[in-house]
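Structure first, then comments.
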There are 2 protein chains.
Amino acid sequence: MDDDLVFKALADPTRRLLLDALFVQGGRSLGDLEQVVAQRTEMTRFGVAKHLRLLEQADLVVTCKQGREKLHYLNPVPIRLIHDRWIDKYTQHHVTALTDLKRQLEESP
Amino acid sequence: MDDDLVFKALADPTRRLLLDALFVQGGRSLGDLEQVVAQRTEMTRFGVAKHLRLLEQADLVVTCKQGREKLHYLNPVPIRLIHDRWIDKYTQHHVTALTDLKRQLEESP
DNA sequence: AGAATAGGTGACCAAAAGGTCACCTGTCTA
DNA sequence: TAGACAGGTGACCTTTTGGTCACCTATTCT
């Protein structure tokens with residue numbers, strides 16, 4: 001597995017938007033995802049397809065052909081590996097406590 | 001906090017190398033880190049300094065001035081937030097099992 | 001004080017990435 | 001079978017990014 005492809009794939013906001021959409025619900029087609037992107041930015045179908053291909057090459061998205069449609073699913077494994085690369089098992093609880101605190105502070109204004 | 005800065009910062013292999021070095025041991029100066037980078041690629045001090053500045057702006061690295069030296073430390077919080085963005089609490093155990101399996105398979109040839 | 005050391009700034013150039021278009025393949029349906 | 005629909009490919013242009021250099025500031029040591 002190539003680290004570089006994963007990080008490069010995550011570097012673009014449109015691709016992160018696609019991952020967000022697939023996180024909420026998997027099994028979406030290109031046309032479906034195109035509409036999701038179109039709600040935020042102006043982009044043609046070709047642009048979205050190109051982004052999806054990069055996500056697929058990075059193994060962040062897995063696909064499944066069904067007739068003439070291609071369904072996309074989020075694969076969380078590479079993201080977990082990023083986490084494990086820089087967060088030690090021993091400091092993990094510590095960091096979790098920090099992020100939970102941060103979330104609480106942001107929710108209550 | 002700006003997501004985009006974090007992901008852009010992680011997109012470069014030299015910057016990931018710097019994070020790896022700081023993960024092993026924190027409190028390193030620019031000159032120290034310059035040597036780490038020089039072991040792998042040919043790069044001037046200016047290049048390394050530029051990368052460190054991006055990591056600092058992304059809050060992936062925090063610094064502490066001590067005399068004429070500037071010490072760098074890894075901050076794991078933004079990485080944890082990436083994890084939490086796409087890995088649901090419920091699927092977390094599932095993914096952990098998968099990555100552990102993957103690690104075992106790669107360790108035993 | 002003066003030299004050496006550690007680091008910072010802005011401009012500049014080459015390489016890579018994002019986005020679009022014309023054109024093509026495969027699949028479903030009337 | 002013809003046409004509409006879902007998706008893929010390669011070339012092209014524009015913008016962003018990585019890297020270096022000349023030059024500057026601040027701190028330490030003799």
Ignoring the backbone of B/L30, work out which of C/dG8, D/dT9, D/dA6 is nearest its side chain.
-> C/dG8
Readout for nucleotides 12-25 of chain D: B = base within 4.0 Å of protein heavy atom, S = sugar-phosphate only, - = neither; 5' to 3' it is -----SSBBBB---
Value in whole Å for how far the C1' atom of C/dT9 lies from NZ of B/K70 | 13 Å
How sharply is the helix from C/dA1-D/dT30 to C/dA30-D/dT1 bent, taking the axes over five pairs at either end and rounding to 10 degrees?
-> 20°
Taking C-beta and beyond as the side chain, do A/R15 and A/L60 meet within less than 4.5 Å on heavy atoms?
-> no
Which of residues 57-67 of chain A sit near DNA chain C, with a heavy atom under 4.0 Å from it?
-> A/G67
For A/R45, all residues meeting side-chain hydrogen bond (donor to acceptor under 3.5 Å, both in side chains), sequence neighbours excluded = none
Is the shortest heavy-atom distance from the side chain of A/D2 to the side chain of A/V6 under 4.5 Å?
-> no
Using the side chain to side chain contact (heavy atoms under 4.5 Å, CB included) rule, take B/L22 and A/W86 through it: C-alpha gap first, then chi angles, then the decisive distance, then the call.
-> CA-CA 9 Å; B/L22 292 176; A/W86 288 303; over 6 Å; no
For B/E56, enumerate each residue passing the salt bridge (Lys or Arg N to Asp or Glu O under 4.0 Å) test, keeping only those at least two apart in sequence or located in another chain.
-> B/K70
Is the shortest heavy-atom distance from the side chain of B/L10 to the side chain of B/L19 under 4.5 Å?
-> yes
Between A/N75 (side chain) and A/V62 (backbone), is there a donor-acceptor pair under 3.5 Å?
-> no
Rounded to whole Å, the CD-C1' distance (A/E56 to D/dT9) equals 15 Å
B/L81 side chain near A/T99 side chain, heavy-atom distance below 4.5 Å = yes
Between C/dA6, D/dG7, D/dA4, which one does the side chain of A/R68 approach most closely?
-> D/dA4
Can you tell me how far CG of A/L18 sits from CD of A/E34, rounded to the nearest 0.5 angstrom?
-> 11.0 Å
Could you state the atom-to-atom distance from CG of B/L33 to C1' of C/dG7 in whole Å?
-> 13 Å
Can B/L101 and B/L105 be said to form a side chain to side chain contact (heavy atoms under 4.5 Å, CB included), step by step?
-> CA-CA 6 Å; B/L101 176 61; B/L105 289 176; 4.2 Å; yes
Here the distance between atom P of D/dC5 and atom CD of A/E34, to the nearest Å, is 14 Å
Could you list all the salt bridge (Lys or Arg N to Asp or Glu O under 4.0 Å) pairs where at least one residue sits in residues 77-87 of chain A, not counting sequence neighbours?
-> A/D3-A/R85, A/R80-A/D84, A/D84-B/R103, A/R85-B/D20
Taking atom C1' of C/dA6 as reference, at what distance in whole Å does atom CG of B/L52 sit?
-> 13 Å
